[in-house]
Number of protein chains: 2
Amino acid sequence: MPEIITQSIQDYLKHIYELNEHGGSASTNDLAARLNIAPASVTGMLQKLASSKPALVVYKKHQGATLTKSGEKAALEVIRHHRLLETFLVTTLGYSWDEVHTEADKLEHVISEDFEARMAEALGNPTRDPHGELIPTADLTMPADKSRPLASLRTDETATIQRVNSRDPNLLRHLDELGLIPNVQLEVIAHSTFDNNLTIKSGRKTHVLGLNITTKIFVI
Amino acid sequence: MPEIITQSIQDYLKHIYELNEHGGSASTNDLAARLNIAPASVTGMLQKLASSKPALVVYKKHQGATLTKSGEKAALEVIRHHRLLETFLVTTLGYSWDEVHTEADKLEHVISEDFEARMAEALGNPTRDPHGELIPTADLTMPADKSRPLASLRTDETATIQRVNSRDPNLLRHLDELGLIPNVQLEVIAHSTFDNNLTIKSGRKTHVLGLNITTKIFVI
DNA sequence: TATAAAATTTAGTCTGACCTAAATTTTATT
DNA sequence: AATAAAATTTAGGTCAGACTAAATTTTATA
């Protein structure tokens, strides 16, 4: 029970969680890239996390890592902190959605449970952060997500933006300028089979978006 | 210029600053006690801080430490963070003045300058924190303080509480219950030469306070 | 299926910030 | 001033979490 979950462990767990959502298990290299750390260092940490008292991770040589139940709880705790913080920063300190990530990345490890609870209450227990990402509930469950990438839509389909899965400030600022933010409706006007560009109409504006963008925007 | 001021260095500087305010230089033992660290460890760190590229501390064997100009700036930066955070926690998240210290102690090392600036603005550039302590200005100057300890007052003197210099939650809660908080007026009714108790009247209430309390309350 | 390329792990190091125990210096007391 | 007590420093060690270089394994390709 008394395991010490340090800040860097929290970071590992958070990124393993996110990588697990996509493909199956989180590879050493992907983790290293996300954490800005040498792959060798990741190996060492994964071995440690896999053999800690209550294992936080299931790890098989050359096959990457998966979270255990307790690892997932710990990850969701950090993610809840992160997303509540982002929401808090936007609504109470006027941050824009492209600025919140960096700040939340630092604060998420440091705030108390009390702080978390006070934020949640002050914000009216929000279910999504400023990017539209789901906020894990107080009992550390991740609500189901039904959205699909904008890239999967075809001509004449219509949808509503639910979330933007990117932490790149430039992309976020750009989308903000285009008015492509959560809850905005759009219609696919055309699809190019060559480069997979999508031409979409939103309000009275039309945009042509490449895969780099359409795979980051999720709609419903 | 590129010196790395880690979290623990920030803690050292902050406490050296506070100890310097009282007596002259901060002794190894006092620092150790405040930081909850073995004295030997403090010695090592002081030597390091004294011989870093821009020295942060002036240190003489067996005589404790003093801050250099750059050390003081760094300390004031942390203290500004801390006191702004306390104010912020009270006004935007409904914390009480006895709860803010712990949280601010962690956050102070982590927030960005941007966060600091946004808080200051949102709060209307406050000059004092919830305990009445002065907040260093944005250009890292500590305003002059003219208050004196309540313990120094004598019968018939009257004064206004300016600040309460304690981080003990129990004491703070107690004072809050007594209504002895910043900006409250009081009058000294009696002074005991034996135990230095002060009998004070504030509003319609009368209290007898020992040195343990009267040296923590500062008035003007 | 051999082999080159990519991914991963092993082995050995380093650094920051702490620790304990022993040695030394300073301060206080007779 | 001698000496006991308190404060401080030195010396040697630990631990977490990173690193590099070399070794190994897996995957992809000719």
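Every chain is numbered from 1, with letters handed out A, B, ... down the list of sequences.
- The pair A/Arg118-B/Glu99 counts as a salt bridge, with a side-chain nitrogen and a carboxylate oxygen less than 4.0 angstrom apart.
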Check against side-chain hydrogen bond (donor to acceptor under 3.5 Å, both in side chains), B/Asp129 and B/His82
CA-CA 9 Å; B/Asp129 74 12; B/His82 185 95; over 6 Å; no

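- With rounding to whole Å, A/Asp30 atom CG is found 13 Å from C/dA6 atom C1'.
- For the segment residues 58-68 of chain B, the set of residues with a heavy atom within less than 4.0 Å of an atom of DNA chain C comprises B/His62, in numerical order.
- If you measure from atom CG of A/Leu31 to atom C1' of C/dT9, you get 15 Å, rounded to the nearest angstrom.
- Not a single donor-acceptor pair under 3.5 Å links the side chain of B/His81 to the backbone N or O of B/Leu107.
- Atoms CG (A/Leu35) and C1' (D/dG17) sit 12 Å apart, rounded to a whole Å.
- Rounded to a whole Å, the CG atom of B/Asn29 is 13 Å from the P atom of C/dT27.
- For A/Ala38, taking side-chain heavy atoms from C-beta onward, the closest of the listed nucleotides C/dC19, C/dT9, D/dT20 is D/dT20.
- Ionic pairing of B/Arg163 and B/Asp145 is present here: one or more N-O contacts between side-chain nitrogen and carboxylate oxygen are shorter than 4.0 angstrom.
- A pairwise comparison of heavy atoms in A/Pro39 and A/Thr28 identifies O-CG2, 3.4 Å as the closest pair.
- Rounded to whole angstrom, the span from the CG atom of B/Leu46 across to the C1' atom of C/dC18 amounts to 14 Å.
- Taking atom OH of residue A/Tyr12 and atom P of nucleotide D/dA18, one finds them 5 Å apart after rounding to whole Å.
- Nearest nucleotide to the B/Thr43 side chain, out of C/dT20, D/dA18, D/dT9: D/dT9.
- Checking the phosphate oxygens (OP1, OP2) of C/dA7, no side-chain nitrogen or oxygen of A/Ser27 falls inside 4.0 Å.
- Nucleotide C/dT15 holds its P atom 12 Å from the NZ atom of B/Lys48, rounded to whole Å.
- Residue A/Pro39 places its side chain closer to C/dT9 than to any other of D/dA18, D/dT10, C/dT9.
- The side chain of A/Gln47 places an N or O atom within less than 4.0 Å of a non-bridging phosphate oxygen (OP1 or OP2) of C/dT10.
- Checked against D/dG17, C/dC18, C/dT9, the side chain of A/Ala40 finds its nearest nucleotide in C/dT9.
- Remark: P of D/dA16 and CG of A/Asp11 are 18 Å apart, rounded to the nearest angstrom.
- Note on B/Thr28: only backbone sugar-phosphate atoms sit closer than 4.0 angstrom, heavy atoms only; bases stay farther off.
- A/Ser8 comes within 4.0 angstrom of sugar-phosphate atoms only, judged by non-hydrogen atoms across all strands, and of no base.
- At least one side-chain heavy atom of A/Val110 sits less than 4.5 Å from a side-chain heavy atom of A/Gln7.
- Among all heavy-atom pairs drawn from A/Ile37 and A/Val42, the shortest one is CG2-CG2, 3.7 Å.
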